[in-house]
Protein chains: 2
Amino acid sequence: MSRPITIRQIAKKANVSIGTVSHVINETANVREKLRIRVLDAIRSLGYQPSQLARGLRRNQTSMLVMMIPDVTNPFFPAVIRGVEDVAFQYKYRLVLCNSDNDHRKESLYLNEMQSYRPAGWLVIPSVDSDMATHFSAKTSGPPVVCLDRQAQGWNGDVVLVANEAGAYSATRHLLRMGHRQLAVITGPLHLENAVERLNGFKRALSEANVPIDANYIQEGRFERSSGHVAAKRLLCMLPRPTAIFACNDLMALGALLAAREVGLHCPDEISIVGFDNLDFAEFTAPPLTTVHQPGYQLGATAARLLADRIVGSREAPQRIVLPTELRMRNSVAPPSG
Amino acid sequence: MSRPITIRQIAKKANVSIGTVSHVINETANVREKLRIRVLDAIRSLGYQPSQLARGLRRNQTSMLVMMIPDVTNPFFPAVIRGVEDVAFQYKYRLVLCNSDNDHRKESLYLNEMQSYRPAGWLVIPSVDSDMATHFSAKTSGPPVVCLDRQAQGWNGDVVLVANEAGAYSATRHLLRMGHRQLAVITGPLHLENAVERLNGFKRALSEANVPIDANYIQEGRFERSSGHVAAKRLLCMLPRPTAIFACNDLMALGALLAAREVGLHCPDEISIVGFDNLDFAEFTAPPLTTVHQPGYQLGATAARLLADRIVGSREAPQRIVLPTELRMRNSVAPPSG
DNA sequence: CATCTGGATTGAAACGTTTTATAATTCCTC
DNA sequence: GAGGAATTATAAAACGTTTCAATCCAGATG
């Protein structure tokens, strides 16, 4: 097993010291043009690549960014990842991806362990009940961290979010404007910040319109299709039956769509449904889903950009960036039939 | 900036040499129970984590797996990633994710650069025109590589695939059995191995049934929704019009569904459509899409398992594993109307 | 010509591990 | 209790960089 080329071989070939080679690579000192060229030639001709491990060990920091994510399989996240990856690549950082599985124990494990790779920074979409706040606050020094998409319990560092409350508000307003008065909501897990924000938007719209809120019409789901399905089924059997359902994400909206179909209720004529996320498929459900668009790619990209700034030393006060959402009207809502 | 705990501090606290500490950590030599406990206690009480960088440097290998992927944003891949991640985690490997963007230049760049992190192994879904074969064959030694999902040009190492030909064949058979004789196909980019395999399955079914193949009915797409859309539009304007379309992935099938809707053709009554992939949303299109299921999670998991075997030294001949596909019948196909 | 100056170059230490060769200890056996 | 054989423990070298202090050198200055 032939070991790769080292800086020493370059130094020998270019007839300089290894310090000089290092200096030309990192542009960390002036070196005479003549030598510089000799070194560069040697590097090119031998196909040398500095060992990131040695470099990382010495500098106590690598060029990796580690990103914690609840689950790649959740169709909202890939766009976020892509946003991160694109700007990371541009800044020459590399992405290590960890799935916490929404389990804060697995998250902790990853957080602890990846530390010993000395990443340049952290990007974390906190899991349910994440202890990232205590994890990172313990070590006041250490690489910068930005929290994405969900505000973790107790976290007061940088965070970039999406306008959950406002999005939910506008979705609900839309329903109200169409004449609905019996509005139900299928929320996300209510220990998730963004889930409660969406619920709050819903409630605010209702109370501003003086429409009473029926506690039975608030069903807690888990942001998964199946939970939307069961919640909708429950809702659709109630008397009086709600005329519209706001599902706090598209997956659950899909479940609701299914449930309506099973119960024999036609959407949107007999039941209006609106979602949240605007996943790719939302255009193609039957009927096409009216939903609140979340800028996933932007979310990832701005978080990564913010992180990159921190890494090079930005010392501003912690930021809280919230990206706008936008209602996308399609065909899953209509005026109530009655 | 307080540096983290090192092995030296553990050694001091436990009053042993650093070599001993290393041995208890790695179980690489017998150490007396008494000392062992002292060391373990010290580790626990100081919260020590060995530096992966130092370890990797010394051993010339880390516990990272790097995975190349054309694009996270393609909804087929997350399941594959998840499969990989789950078994990687189980084997204590960590995943570095790289998006080649389907650009073999970006892929090469990543391949070259990640090398200097000394990953334990590589998992690659080759980009279009990938030169992974030449890249890796140059260095006969080095960490093991397994190729996923697509057979890269010239690659003759381990590879795990999906039964593309058979899947396409069974989809086409289904169409034939329903009575269709004017069958069109929207293929993937034909320099992709899996795209031609699917086309071959289609052709074989037709020729076995003695149904002639109209060259105009073979349209090349790019595995993206938009290309399926334009191809379908073209197809639906032809005379005679095909009565069924086999789209070689679900994204393109979706595009075709859209095109049909735009042209005013009802699916399945006036045009049958079948896809390939069985993405999550396939159940929920209008009408629900009949499609060929690909075991994405399995694909990732078995590839990772194979890689893990190689890493610990399995020296068997290169394997070629092909995972079965399966037709999922839903409502986007019906007998032809004429 | 000697001295000084300041930039270019270098040697060597350090980063935190693993691992090998050697030294120290323990345990038998006589 | 001595001698030798196992067994355990250790010191030191290596992994491939970066970086600091020290050296070197060319040219300017007196």
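Among the candidates Asn99(B), Leu148(B), Asn74(B), Asp101(B), the single residue satisfying the side chain to side chain contact (heavy atoms under 4.5 Å, CB included) test with Ile69(B) is Asn99(B).
Protein atom NE2 of His23(B) is 8 Å distant from nucleotide atom P of dT19(C), rounded to whole Å. Atom CD of Gln61(A) and atom P of dT18(D) are 13 Å apart (whole Å). At whole-Å resolution of the value, CZ in Arg55(B) and C1' in dC15(D) are 14 Å apart. Straight-line distance from the CG atom of Asn30(B) to the P atom of dT10(D): 15 Å, rounded to whole Å. The interatomic distance linking Asn15(B) (CG) with dA9(D) (P) rounds to 12 Å, in whole Å. Summarising the geometry, the separation between CG on Leu53(A) and C1' on dT18(D) is reported as 15 Å, rounded to the nearest angstrom. Summarising the geometry, the separation between CG on Leu57(A) and C1' on dT18(C) is reported as 13 Å, rounded to the nearest angstrom. Residue Asn60(A) contributes atom CG, which lies 11 Å from atom P of dT17(C) at whole-angstrom precision.
Residues Ser100(B) and Met68(B) approach most closely at CB-CE, 3.4 Å, considering heavy atoms.
For the 3.5 Å distance criterion, the side chains of Ser22(A) and Asn26(A) qualify, holding a donor opposite an acceptor.
When distances are taken from the side chain of Arg8(A) to each of dT9(C), dT17(D), dT18(D), the shortest belongs to dT17(D). Closest contact between the side chain of Val31(A) and the listed nucleotides dT18(D), dT10(D), dT9(C) involves dT9(C). If you check dT10(C), dT18(C), dA11(D) against the side chain of Ser17(B), the one that comes closest is dA11(D). If you check dT19(C), dT17(C), dT17(D) against the side chain of Tyr48(A), the one that comes closest is dT17(D).
With hydrogens and angles left out, the side chain of Arg58(A) and the base of dT17(D) share no donor-acceptor pair within 3.5 Å.
With a 4.5 Å cut-off on side-chain heavy atoms, Pro119(B) and Leu65(B) do not count as touching.
Of the two residues contacting DNA chain D, namely Thr6(A) and Ile18(B), the nearest-nucleotide position lying further toward the 5' end is that of Ile18(B).
Going from atom CH2 of Trp122(A) over to atom CD of Gln115(A) covers 5.5 Å, rounded to the nearest 0.5 Å.
Among the heavy atoms of the strands lying under 4.0 Å from Thr20(A) is at least one base atom, whether or not backbone atoms are also near. Within the 4.0 angstrom heavy-atom criterion, only backbone atoms of the sugar-phosphate kind lie near Ser51(B); the bases stay farther away.
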